[in-house]
2 protein chains.
Amino acid sequence: MAQQRSEDTRKQIMTTAVNVFCRSGYDAAGVAEICSLAGVSKGAFYHHFPSKKTLFLAIMQQWLTEVDNRLNALRQPNVAVSDTLMQMAHTIGTVFTEASGQLPMFLEFMVQASRDKTVWEATIAPYQAYQYRFAHMLEEGKTEGSIREGEDAQAAAWVLIAFAVGMLLQGVVLPETADWETIAGRGMGMLVESMQRSNK
Amino acid sequence: MAQQRSEDTRKQIMTTAVNVFCRSGYDAAGVAEICSLAGVSKGAFYHHFPSKKTLFLAIMQQWLTEVDNRLNALRQPNVAVSDTLMQMAHTIGTVFTEASGQLPMFLEFMVQASRDKTVWEATIAPYQAYQYRFAHMLEEGKTEGSIREGEDAQAAAWVLIAFAVGMLLQGVVLPETADWETIAGRGMGMLVESMQRSNK
DNA sequence: AAAAACCGACCGATTGGTCGGTTTTTATTA
DNA sequence: TAATAAAAACCGACCAATCGGTCGGTTTTT
């Protein structure tokens, strides 16, 4: 292959950086440490990334598109919206066991987004897109019949995301404290149940 | 008063530190900057706090007891548990407008707890106490009649906390993006509604 | 006069980032 | 295919800036 080595080095830096960022956080993570663990010199690092922040943004971008793909794959036609939501809750549950090592990265994204304007702008757009997608899905559920008319799709979408975010955060801070997979399912079940029935 | 000046200095350092921690985060916040903004010398700082981490823990402790008091004040006898929960959701909503400036501190607590063992141990106990209290409250709701029998109080308590945490986090990262007060109410309404009715 | 509170210059360690030079890959010839 | 020059990738010693924390001395309170 042509520029195979260059690509390998770049990937190596990024995957190593994820681990270091997870363990130490963005600020405490040193470029020198990342380079050392990645088996790469500082020169190579700054050849691929203009700055530490650029590396962070690259990792974030990759993560956001990954999540986007997962969500796309989950939503299938001919399946009731309520069932899709339950399936999503189950997926969140599996994330705890699968990617538990990389979970703190999610926290780090939030923290940096709340502080750095550049990071925030890179986060806000996809994040709102998630909300938009959920709201759209709920509207589908209405016409389809699995979601009651009268439900405020916009607000409900935010509620769903808040719950998901809260679950992820608890999984990061309190792993092994509870059976998060079961709880994620129960919580989503409660929300879906409420959206199905007519309230009064 | 006796040691009035000393007390003033200590409070001044703590309140200033909250602002700096919120803006820059724990790692990026410099002791020198905190001292400068607080109008206090470094000598005074280290006279009151053995280290930066000690200061952080002191702030956290104060925050946790504050939350504890709020929760205690909210739970009144002779009021249905479901109503208390709705009242709590409303309180969360007001937090967004009241303490929006200090909200990022909550994020910082989570981040540090997930990384530093000392901070984690100081957080985990009160946090689980919250869950225990909610579970207990839900059990009360059962005997009282406002919560259906059969509801898993332990799991439901975690769901409630996850939702609250997620709401707070969204308020930090995306202020002014949505009417969080309304959404907090709607989400809690959904959860409470599900816990009231018998599902199937 | 003793003790507590406070001051700020100073220190070793570490940080993100730079830069002149070397090695490896690619493109272009003969 | 071999030789070669240009470009890309990589190296690591080095730097200015900043960090948390110290300490001998001064001021204020008891």
Side-chain angles (χ1 to χ4, degrees), chain A residues 1-60 105 108 111-112 115-119 122, chain B residues 1-60 105 108 111-112 115-119 122:
Chain A
M1 214 8 176
Q3 49 280 51
Q4 186 63 52
R5 184 167 75 125
S6 176
E7 207 170 301
D8 286 348
T9 300
R10 192 184 163 89
K11 299 250 187 209
Q12 179 65 19
I13 291 175
M14 288 180 73
T15 58
T16 305
V18 168
N19 291 333
V20 180
F21 281 147
C22 281
R23 186 180 355 115
S24 314
Y26 177 80
D27 286 309
V31 174
E33 187 189 2
I34 295 174
C35 291
S36 169
L37 290 177
V40 156
S41 74
K42 242 182 185 184
F45 180 97
Y46 281 97
H47 177 75
H48 287 281
F49 302 97
S51 68
K52 192 168 88 161
K53 193 201 279 186
T54 307
L55 165 65
F56 184 80
L57 285 170
I59 292 174
M60 206 177 73
M105 203 64 201
E108 205 58 29
V111 170
Q112 295 304 318
R115 262 195 292 271
D116 186 287
K117 199 185 169 194
T118 312
V119 176
Chain B
M1 213 11 174
Q3 48 280 53
Q4 186 64 51
R5 184 166 74 124
S6 175
E7 208 170 299
D8 285 348
T9 301
R10 190 185 164 89
K11 299 252 188 208
Q12 179 65 20
I13 291 175
M14 287 181 74
T15 58
T16 305
V18 168
N19 291 332
V20 180
F21 282 147
C22 281
R23 186 180 353 115
S24 313
Y26 177 79
D27 287 309
V31 173
E33 186 188 3
I34 295 174
C35 292
S36 170
L37 290 177
V40 156
S41 74
K42 240 179 185 183
F45 181 97
Y46 281 98
H47 176 74
H48 287 280
F49 302 97
S51 68
K52 190 168 89 161
K53 194 201 279 186
T54 307
L55 165 64
F56 184 80
L57 286 170
I59 293 174
M60 206 176 75
M105 204 63 201
E108 204 59 30
V111 170
Q112 295 304 319
R115 263 198 288 276
D116 186 287
K117 199 185 169 194
T118 312
V119 177

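Just so we're clear, the structure is a prediction, and the values are computed from it rather than from any experiment. The figures that follow rest on heavy atoms only: side chains count, while hydrogens, waters and symmetry mates do not. Numbers restart at 1 for each chain; the letters A, B, ... are given by sequence-line order, proteins then strands.
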Assign each of A/H48 and B/G43 the nucleotide of DNA chain D bearing its closest heavy atom; nearer the 5' end lies the nucleotide of A/H48

Atom pair distance, as rounded to whole Å: [atom1] in [X] and [atom2] in [N]:
X: B/K11; N: C/dA5; atom1: NZ; atom2: P; result: 15 Å
X: B/I13; N: C/dC6; atom1: CD1; atom2: C1'; result: 10 Å
X: B/E33; N: D/dG21; atom1: CD; atom2: P; result: 16 Å
X: B/F56; N: D/dC19; atom1: CZ; atom2: P; result: 18 Å
X: B/I34; N: D/dT18; atom1: CD1; atom2: P; result: 17 Å
X: A/E7; N: D/dC10; atom1: CD; atom2: P; result: 11 Å
X: A/F45; N: C/dG17; atom1: CZ; atom2: P; result: 8 Å
X: A/R10; N: D/dC10; atom1: CZ; atom2: P; result: 11 Å

May I have the step-by-step check of side chain to side chain donor-acceptor pair (under 3.5 Å) for A/T9 and A/S6, ending in yes or no?
CA-CA 5 Å; A/T9 300; A/S6 176; over 6 Å; no

All N/O contacts under 3.5 Å from nucleotides 13-15 of chain C to the protein, with atom names and distances to one decimal?
none

Could you please name the option among [options] that lies closest to any side-chain atom of [X]?
X: B/K42; options: C/dT18, D/dG20, C/dC6; value: D/dG20
X: B/A44; options: C/dT18, D/dT22, C/dC7; value: C/dC7
X: B/Y46; options: C/dG8, C/dG16, D/dT22; value: D/dT22
X: B/H47; options: D/dC10, D/dG20, C/dA4; value: C/dA4
X: A/R5; options: C/dT25, C/dC6, D/dG21; value: C/dT25

Distance test, side-chain N/O of A/S6 to OP1/OP2 of D/dA8, below 4.0 Å:
no

So, do B/L57 and B/T118 sit near enough that their side-chain heavy atoms are less than 4.5 Å apart?
yes

Approximate separation, where rounding is to 0.5 Å, of A/I13 CD1 and A/L55 CG:
7.5 Å

Reported NE2-to-OG distance for the pair A/H47 and A/S41, which is rounded to 0.5 angstrom
10.5 Å

Give the intermediate values and the outcome of side-chain contact (heavy atoms from CB on, under 4.5 Å) for residues B/V31 and B/Y46.
CA-CA 10 Å; B/V31 173; B/Y46 281 98; 3.7 Å; yes

Give a yes or no on whether the backbone of B/Y26 and the side-chain of B/Q112 come within a donor-acceptor separation of less than 3.5 Å.
no

Is a side-chain donor or acceptor of B/T15 paired with a backbone partner of B/Q12 at a separation under 3.5 angstrom?
yes

Check against side-chain contact (heavy atoms from CB on, under 4.5 Å), B/N19 and B/L37:
CA-CA 10 Å; B/N19 291 332; B/L37 290 177; over 6 Å; no

Working note: A/R10 + A/F45, criterion side-chain contact (heavy atoms from CB on, under 4.5 Å); need CA distance, chi angles, decisive distance, verdict.
CA-CA 8 Å; A/R10 192 184 163 89; A/F45 180 97; over 6 Å; no

Answer yes or no: is there an ion pair linking B/R23 with B/E108, defined by an N-O contact shorter than 4.0 Å?
no

Go through DNA chain D and write down every stem, that is, every run of at least three consecutive Watson-Crick or G-U wobble pairs with distances under 3.5 Å, as range with range.
C:1-30 with D:1-30

